[in-house]
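All remarks here apply to the structure that follows.
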Amino acid sequence: MADKIRVLLKEEEVNARISEIAAQVSRDYEGKCVHLICILKGGVFFTCELAKRLTVPVTLDFMSVSSYGSGTVSSGVVKIVKDLDEPLENKDVLIVEDIIDSGRTLAYLIEVLKQRNPASIRLCTLLDKPERRVKKQVSVDYTCFTIPDEFVVGYGLDYDQKYRNLPYIGVIEQ
């Protein structure tokens with residue numbers, strides 16, 4: 001049986017907002033090269049769309065982290081599944097995420113990356129669920145959309161590895 005998906009954010013809304021965020025990032029990094037760290041797997045769609053719209057030089061690396069194990073609720077234990085290929089020393093880093101909820105994974109990840117001596121670290125997310133935030137110290141510099149506490153899919157976000165390729169953000173209806 002196919003899942004029923006309600007559109008939360010239309011493709012046009014998502015694209016327009018990514019363009020706005022890219023313009024802001026480009027202004028903030030003017031005269032610098034921004035080193036994007038894409039958090040896999042979900043962040044890859046957003047990272048690519050953001051990178052295409054940036055007007056400053058861009059370098060890119062990928063990282064995969066997990067705090068979920070086999071369940072749907074964060075275990076609180078963070079594991080680096082795929083580390084970066086490039087050193088971060090003296091780079092202006094922008095971590096790019098698909099969604100931030102509890103903040104546990106990012107709080108851990110930011111501390112790990114700070115030890116690698118980047119010039120700066122900022123955080124950019126497509127979606128933010130601040131009402132779910134457990135780690136209040138996780139500060140998001142660029143947010144495309146703040147959303148309610150619903151399970152969302154599309155634009156890289158999945159349900160059991162399905163629906164990542166939807167060009168909009170949707171909510172699976174029960």
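Looking only at side-chain heavy atoms (C-beta outward), Ile39 and Asp98 stay at 4.5 Å or farther from each other. Two residues are said to be in side-chain contact when any heavy atoms from C-beta on lie closer than 4.5 Å; Leu127 and Phe46 fail this criterion. In this structure, Ile18 and Arg53 have side chains that are in contact, with non-hydrogen atoms separated by less than 4.5 Å. Annotation: side chain of Asp3 is not in contact with side chain of Val153 (no heavy-atom distance under 4.5 Å). Residues Val14 and Leu126 meet the side-chain proximity criterion, which asks for heavy atoms closer than 4.5 Å. Residues Leu113 and Leu84 meet the side-chain proximity criterion, which asks for heavy atoms closer than 4.5 Å. Put simply, the side chain of Arg116 does not reach to within 4.5 Å of the side chain of Val93, judged on heavy atoms.
Atom NZ of Lys79 and atom OG1 of Thr105 lie 13.0 Å apart (nearest 0.5 Å). Here Leu8 contributes atom CG and Ile169 contributes atom CD1; the two are 7.5 Å apart, rounded to the nearest 0.5 Å. Atom CD of Gln24 sits about 13.5 Å away from atom OG of Ser19, to the nearest 0.5 Å. Ile110 CD1 to Ile121 CD1: the interatomic distance, rounded to the nearest 0.5 Å, is 7.0 Å. Distance OH/Tyr155 to CG/Leu166: 12.0 Å, rounded to 0.5 Å. Note that NZ of Lys41 is 8.0 Å distant from CG of Asp158, once rounded to the nearest 0.5 Å.
Across all non-hydrogen atoms, the minimal contact from Ala22 to Leu54 is O-CD2, 3.5 Å. Shortest non-hydrogen contact noted between Leu9 and Tyr168 is O-CB, 3.2 Å. Nearest heavy-atom pair across Asp92 and Ser120 is OD1-OG, 2.7 Å. Of all heavy-atom pairs between Val171 and Val152, the closest is CG2-CG1, 4.0 Å. Across every non-hydrogen atom of Asp128 and Ile100, the tightest pair is OD1-O, 3.3 Å.
Residues Leu157 and Val7 fall into different hydrophobic clusters, defined by Ile, Leu, Val, Met, Phe, Trp and Tyr side chains chained together at heavy-atom separations under 4.5 Å. Linking Ile, Leu, Val, Met, Phe, Trp and Tyr whenever their side-chain heavy atoms come within less than 4.5 Å puts Val65 and Leu123 in one cluster. Residues Leu94 and Phe45 are members of one and the same hydrophobic cluster, defined by side-chain heavy-atom contacts under 4.5 angstrom among Ile, Leu, Val, Met, Phe, Trp and Tyr. Val58 and Leu40 fall within the same hydrophobic cluster, defined by Ile, Leu, Val, Met, Phe, Trp and Tyr side-chain heavy atoms under 4.5 Å apart, directly or through other members. In terms of hydrophobic clustering, with Ile, Leu, Val, Met, Phe, Trp and Tyr side chains grouped at heavy-atom distances under 4.5 Å, Met63 and Val140 are assigned to a common cluster.
Aromatic ring pairs are classed by plane angle as parallel below 30°, tilted from 30° to 60° and perpendicular above 60°; the pair Tyr29 and Tyr142 is tilted.
Looking at Val96, Leu88, Leu60 one by one, the single match for side-chain contact (heavy atoms from CB on, under 4.5 Å) with Ile37 turns out to be Leu88.
When atom types are taken as modelled, the side chain of Asp141 and the backbone of Cys124 share no donor-acceptor pair closer than 3.5 angstrom. Judged by distance alone, the side chain of Thr143 and the main-chain N or O of Phe145 form no donor-acceptor pair under 3.5 Å. Between the side chain of Lys129 and the backbone N or O of Ile99 there is no donor-acceptor pair closer than 3.5 Å. Not one N or O on the side chain of Arg133 forms a donor-acceptor pair closer than 3.5 Å with the backbone of Gly103. Remark: side-chain polar atoms of Arg6 are not paired, donor with acceptor, to backbone N or O of Ile172 under 3.5 angstrom. In this structure, the side chain of Ser26 engages the main chain of Thr55 through a donor-acceptor pair within 3.5 Å.
One finds no salt bridge joining Asp61 and Lys91 here, because no Lys/Arg side-chain nitrogen approaches an Asp/Glu carboxylate oxygen to under 4.0 Å. Remark: Glu30 does not engage Arg27 in a salt bridge, criterion side-chain N to carboxylate O under 4.0 Å. Using a 4.0 Å cut-off between charged side-chain N and carboxylate O, Arg122 and Asp28 make a salt bridge.
The neighbour count for Lys10 NZ, taken as heavy atoms of other residues, nucleotides or ligands under 6.0 Å away, does not exceed 12.
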**OP:** Step by step, work out the side-chain contact (heavy atoms from CB on, under 4.5 Å) result for Val44 and Phe62.
**Re:** CA-CA 9 Å; Val44 73; Phe62 299 89; 4.2 Å; yes
